[in-house]
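A short write-up of the structure that comes next.
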Amino acid sequence: MAYLNDHYLKLKAGYLFPEIARRVKVFCEQKPQAANRLIRCGIGDVTEPLPPAVIAALHRAVDEMSRRETFHGYGPEQGYEFLRRAIAQHDYRNRGLEIDDDEIFVSDGSKCDCGNILDVLGHQNRIAMMDPVYPVYVDTNVMAGHTGLADDAGTYAGLVYLPCTAANAFVPEVPEEKVDLVYLCYPNNPTGAVATREQLTAWVNYALRHKAILLYDAAYEAYISDAQIPHSIYEIHGARQCAIEFRSFSKNGGFTGLRCAFTVVPKTLMAATGDGKFTGLHPLWLRRATTKFNGVGYVVQRAAEAIYTPEGEAQVKALIEHYLGNAKVLREGAHAAGLKVFGGVNAPYVWAQSPEGMTSWQAFDKILNEANVVITPGSGFGRNGEGFFRISAFNSRANAQEVARRLQALKW
Ligand code: MLT
């Protein structure tokens, strides 16, 4: 008899985005006329073409693959040296942050890495989650058997939830109790909030005090427009001793379809063995990559490298400005519709409060059926997301303007 992983059976319904897709499919089948005017502001998937510098790098790399002398087969599992160096130099050392090339691990996505990191962390950790938050952190811990069962609101026994509400500007206080792992995501998905230097310093100090590890998801770092907000957790003194950072090329270079990201694991980061000795996580993460992964394709890594050229940087900046321009249109539109809105300034997500008494899924259904716009219900991100919904700014400007107009035309 073969046994399955029972922990999967604890997962709530479907993963949020497939569940939205399922409901939208039903809507399109039942109302084909309305489906023609559907605008998707649900999943945070980019819509604009890749930057020209990336396209040119892809063409060059494909040509290399066409000749025996320049062909590439398996590459280093942890990423080609040229890309690790470009990342460490441009994203860190040029900003005065001490990160070595070999502390960068190139991967096929931050979503994968956020889940995979659990491979090198113990099962006895007490884990803190922001609430609401990107569902991958919770679900991967459920799959790994780190939780008990969920209640009706999707809150799992065994996790420590850190409420993120309008009252704390969606940045949780450090808890009184001791935890071992803390997931932080800034700029935040889904609320669009950012954490200040003081707030991140409090988290780093907490982690150092408790020998905890911060799992810092900075996938939306490129959207920070406020000069005071840190782009990396390593801007905070002591973070090299207590933080792993996840970064992605999906939301800056538009790589959601190409797949490339990276994770920073400092060699100074230690965790305890079962018998209480401290040892580095870096060799374990390297061992994991070399055992379970064969690396991101050469062509894609050359494309990612092009983001760091002067043309690439300018083109990415223009893309970010485009999406942030959409966020402004959506934020102002939702506000003019009488909704209370957050985010959308340093992030591509606008977080809107549903009118009094309306649940997130009720708001989803109303907006889908009456405005023919897909948004993401806040309750899908956690108990504290109930009563909110997220509007993604990844779209054309014309669509963002149309969504803003339709939201205002709705009778709330
Ligand atoms: C989202 O909509 O939250 C994102 O697209 C999810 C992701 O980046 O995986």
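Throughout, numbering of the chain's residues begins at 1 and tracks the sequence. Just so you know, these numbers come straight off a predicted model, no measurement behind them.
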Between [X] and [Y], what is the ring plane arrangement, given parallel below 30°, perpendicular above 60°, and tilted in between?
X      : Y      : answer
Tyr323 : Tyr223 : tilted
Tyr183 : Tyr137 : parallel
His210 : Tyr206 : tilted

Next on the checklist: Closer than 3.5 angstrom, by distance alone: can the side chain of Asp217 be matched with the main-chain N or O of Cys185 as a donor-acceptor pair?
Outcome noted: no
Item to check | Lys267 vs Glu103, side chain to side chain contact (heavy atoms under 4.5 Å, CB included): CA-CA, chis, key distance, verdict | outcome: CA-CA 7 Å; Lys267 284 173 281 188; Glu103 294 178 319; 3.6 Å; yes
Checklist entry - Do we see a donor-acceptor contact under 3.5 Å between the side chains of Tyr308 and Asp91? => result yes
Out of [options], which one pairs with [X] under the side-chain contact (heavy atoms from CB on, under 4.5 Å) rule?
X      : options                        : value
Leu159 : Val179, Val142, Val138         : Val138
Leu181 : Val160, Asn125, Leu214, Asn141 : Asn125
Thr256 : Val46, Ile43, Thr47            : Val46

Next on the checklist: side-chain hydrogen bond (donor to acceptor under 3.5 Å, both in side chains), that's the test. Do Arg390 and Asn189 meet it? Break it down for me.
Outcome noted: CA-CA 9 Å; Arg390 190 192 75 175; Asn189 179 9; 2.6 Å; yes
Are any non-hydrogen side-chain atoms of [X] and [Y] less than 4.5 angstrom apart?
X      : Y      : result
Val106 : Tyr80  : no
Val296 : Leu83  : no
Ile307 : Phe255 : yes

Checklist entry - Does the distance from a Lys or Arg side-chain N to an Asp or Glu carboxylate O, for Arg40 and Asp45, drop under 4.0 Å? => result no
Only pairs under 3.5 Å count here: list side-chain donor-acceptor contacts from residues 372-379, not counting sequence neighbours, and write none if there are none.
residue, atom, partner, partner atom, Å
Asn372, OD1, Arg37, NH1, 2.6
Asn372, ND2, Leu368, O, 3.0
Asn372, ND2, Asn369, O, 3.3
Thr376, OG1, Gly42, O, 3.2

Checklist entry - Ring centroid separation for Tyr156 and Tyr161, is it under 6.0 angstrom? => result no
Item to check | side-chain hydrogen bond (donor to acceptor under 3.5 Å, both in side chains) between Ser354 and Gln362, intermediate numbers included | outcome: CA-CA 9 Å; Ser354 318; Gln362 283 167 347; over 6 Å; no
Item to check | Ser232 and Val264: CA distance, side-chain angles, deciding distance, side chain to side chain contact (heavy atoms under 4.5 Å, CB included) verdict | outcome: CA-CA 10 Å; Ser232 165; Val264 187; over 6 Å; no
Checklist entry - For atom CD of Glu173, is the number of surrounding heavy atoms from other residues, nucleotides or ligands below 6.0 Å larger than 12? => result no
